[in-house]
**Q** 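Dumping the structure here so I can ask a few things about it.
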Number of protein chains: 2
Amino acid sequence: MKGEIERYPLTGRFLMGRLRHALSDREKDILEDAVSDLREYPDGHRILARGELCHRSTILIEGFINRSIFENGRRYIVGIQVPGDFVDLHGFALKRLDHDIVTAGPARIGLIDHARLNELMASEPHLSRLFWFSTLLDAALHRQWVLKLEQLKANRRVAHLMAELWHRLAMVGLAGPTGFRSPLTQIDLADMCGTTPVHMNRAIGELRRLDVADFRRGTVSFDDRAKLERHGDFDATYLYGEGALHIGNELRE
Amino acid sequence: MKGEIERYPLTGRFLMGRLRHALSDREKDILEDAVSDLREYPDGHRILARGELCHRSTILIEGFINRSIFENGRRYIVGIQVPGDFVDLHGFALKRLDHDIVTAGPARIGLIDHARLNELMASEPHLSRLFWFSTLLDAALHRQWVLKLEQLKANRRVAHLMAELWHRLAMVGLAGPTGFRSPLTQIDLADMCGTTPVHMNRAIGELRRLDVADFRRGTVSFDDRAKLERHGDFDATYLYGEGALHIGNELRE
DNA sequence: CGTTGAATTGACACCGTTCAACGACAGTGG
DNA sequence: CCACTGTCGTTGAACGGTGTCAATTCAACG
């Protein structure tokens, strides 16, 4: 799996832990070569604005990106992406997005022109099918967020979010056995969970007291992952993973 | 637009008000003919269960269907579909869904085998592209639900939901100028908005007192649509409609 | 006319928001 | 070097939204 990133430094994490094994080497090469441009951005950079015409799509190589919406002077985060995610593939078919695409912490991205995607749609039906699959994965994540917002109180929502992020990062080899690093602040978590930063702080404090999870200066950590998942009513099936998670050594330093 | 339903009684509402105009007559015929089976179900019938292998997809012809999840002895609704929606197209690429597909009120559906869809993927790239588009529409709706769950209190959430449903029904010619009919109960609304039935009742009562909207025995009605939309912070752009809404005479009887 | 599920109402406890204040820390410029 | 500044994290207290439990009314239907 290490070789995958060396061989495909830009797109090696695309669908990793999911259906990447269904890609042939030829298809992986095609995808890697489709990246026409590389960018690095600092925290908080808006890559694409809500409503803006969209003529290329972003693949996230390193860092985090969130889907956010400003309304009534407040920010709401409706999704978050991790390395390997084809972030705004939705924009390829929809032309315009209903939300902003913004970096959370420093990020490195690759860009693929829609003109090139159109060629691939015609010449690479199997690859196209997997593009579709990856957007359906996003939809499944959205649904789970809807469910957890309807179902859980704040402290369990964060627990679920932490569990989800751990699994998604583990699938692409970026989680440690007892946690992961991320540039997310409590404010970010609050905006994802639909609470205020003040209350998020208390919710996190509760998780600490209950020994469910800890969150300090950009590191989420826990002793007992099963306990975290139980607390957040987390069930990984909606991530459509392969089961074999790739746990790196993010927290082993 | 009336002719569309007469000519394509099963699939005539697919993408109506959205990108249906992008379909050629030939493509419309192909889609209509792809429906291999017709079914009618009473209220509460589970068409497809969470986790179940899925080898055909459902297009909703008449009635309502919701995407629901049972967990911890409670039901949560993570999405609702109206006539013309290709309900579980997600299952075509994902194989299994993470939620149940259940009728809300009596419904009439058409079934399309995945084998047939596979043929269409190969022979009809343009049509396939619109299938993809329609699933991205679902994703956009999910995101908006996430946003409103994060952003609004119960009474405004219902207002938003009512506004959304009105627009979606209007696009397929099933809304009246001052409201629409639906078999949804207050319990259903509660399960969609993440509140309890008791509180949903008070929320609806508040909308009544404020003259924002009324809800009685299966009919949602309002005097001033703009007021309803303002109350629910509703902005129709995420529905990716064409602007020209087809208002029927549902409430004119 | 009795049954059933939906709609409604009241009382009370709990979750979450708001406003306000303070501590910790990093980056900046004098 | 230290003072200044801004952002994040933390805490307290008052207030308002929501959940829970319980009881009652209402409409639809056999």
Side-chain angles (χ1 to χ4, degrees), chain A residues 42-44 64 72-77 102-106 148-161 181-210 213-221 231-232, chain B residues 42-44 64 71-77 104-106 148-160 162 181-210 213-221 231-233:
Chain A
D43 176 53
F64 293 78
N72 306 327
R74 261 197 76 170
R75 181 188 63 162
Y76 301 90
I77 297 179
V102 183
T103 57
K148 295 305 163 182
L149 283 166
E150 290 176 351
Q151 182 184 37
L152 303 178
K153 312 269 181 212
N155 78 73
R156 292 182 186 268
R157 282 187 203 163
V158 213
H160 188 275
L161 179 58
R181 295 174 168 288
S182 86
L184 299 174
T185 65
Q186 294 190 0
I187 298 175
D188 295 326
L189 295 180
D191 291 349
M192 286 189 245
C193 293
T195 68
T196 55
V198 173
H199 193 63
M200 176 52 63
N201 180 281
R202 295 190 230 268
I204 291 173
E206 210 170 339
L207 295 187
R208 263 198 278 267
R209 274 195 302 99
L210 295 170
D214 200 356
F215 177 89
R216 290 194 186 282
R217 271 179 292 115
T219 300
V220 172
S221 59
H231 194 79
Chain B
D43 176 53
F64 294 78
E71 227 163 71
N72 305 327
R74 261 197 76 170
R75 180 188 65 163
Y76 302 91
I77 297 179
K148 296 305 163 181
L149 283 165
E150 290 176 349
Q151 183 184 35
L152 303 178
K153 311 272 181 207
N155 77 74
R156 292 182 187 267
R157 282 186 203 164
V158 215
H160 187 276
M162 290 172 171
R181 295 173 168 288
S182 85
L184 298 174
T185 65
Q186 293 190 3
I187 298 175
D188 294 325
L189 296 179
D191 291 350
M192 284 189 248
C193 292
T195 68
T196 55
V198 173
H199 192 63
M200 176 51 62
N201 180 278
R202 294 190 229 268
I204 291 173
E206 210 170 340
L207 295 187
R208 263 199 280 266
R209 277 193 299 99
L210 295 171
D214 200 357
F215 177 90
R216 290 195 186 283
R217 271 179 291 116
T219 301
V220 171
S221 61
H231 193 79
D233 254 326

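We name chains A, B, ... by the order of the sequence lines, and we start the count at 1 in each one.
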**Q** Specify the closest pair of heavy atoms between A:D191 and B:E150, including all atoms of both residues, with the distance to one decimal.
**A** O-OE1, 3.4 Å

**Q** Examine C:dG5: is either OP1 or OP2 under 4.0 Å from a nitrogen or oxygen in the side chain of B:Q186? Give yes or no.
**A** no

**Q** Should B:N201 be listed as having a side-chain N or O under 4.0 Å from OP1 or OP2 of C:dT8?
**A** yes

**Q** Between C:dT8 and B:R208, is there an OP1 or OP2 to side-chain N/O distance shorter than 4.0 Å?
**A**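 For C:dT8, OP1/OP2 do have a side-chain N/O of B:R208 under 4.0 Å.
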
**Q** Taking atom P of D:dT7 as reference, at what distance in whole Å does atom CG of A:D188 sit?
**A**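 Computing the A:D188:CG to D:dT7:P distance gives 14 Å.
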
**Q** Rounding to an integer number of Å, can you tell me how far B:H199 NE2 sits from C:dA11 C1'?
**A** 16 Å

**Q** Between C:dT17 and A:R74, counting only base atoms on the nucleotide and side-chain atoms on the residue, is there a donor-acceptor pair under 3.5 Å?
**A**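 No, no donor-acceptor pair under 3.5 Å.
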
**Q** According to the Watson-Crick and G-U wobble definitions, with both distances under 3.5 Å, which nucleotide is paired to D:dG30?
**A**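 Partner of D:dG30: C:dC1.
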
**Q** Looking at B:F215, is its backbone amide N or carbonyl O close enough to the side chain of B:R208 to form a donor-acceptor pair, meaning the two atoms are under 3.5 Å apart?
**A**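 Checked: pair present.
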
**Q** Send over the distance from A:E150 CD to D:dG19 C1', rounded to a whole Å.
**A** 16 Å

**Q** It should be established whether A:T195 places a side-chain nitrogen or oxygen under 4.0 Å from OP1 or OP2 of nucleotide C:dG16.
**A** no

**Q** Mind calculating the distance between CZ (A:R216) and C1' (D:dT10) to the nearest angstrom?
**A** 11 Å

**Q** Reading DNA chain C from 5' onward, which residue's closest nucleotide shows up sooner: A:R217 or A:A154?
**A**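 Here A:A154 is the residue nearer the 5' end.
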
**Q** Which is more 5' along DNA chain D, the nucleotide nearest A:K153 or the one nearest A:G218? Just name the residue.
**A** A:G218

**Q** Decide yes or no, distance alone: a donor-acceptor N/O pair under 3.5 angstrom between the base of D:dG9 and the side-chain of A:R202.
**A** no

**Q** At 4.0 Å (heavy atoms only), tell me whether B:I204 reaches a base, stays on the sugar-phosphate, or touches nothing.
**A**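 Nothing, no nucleic acid heavy atom in range.
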
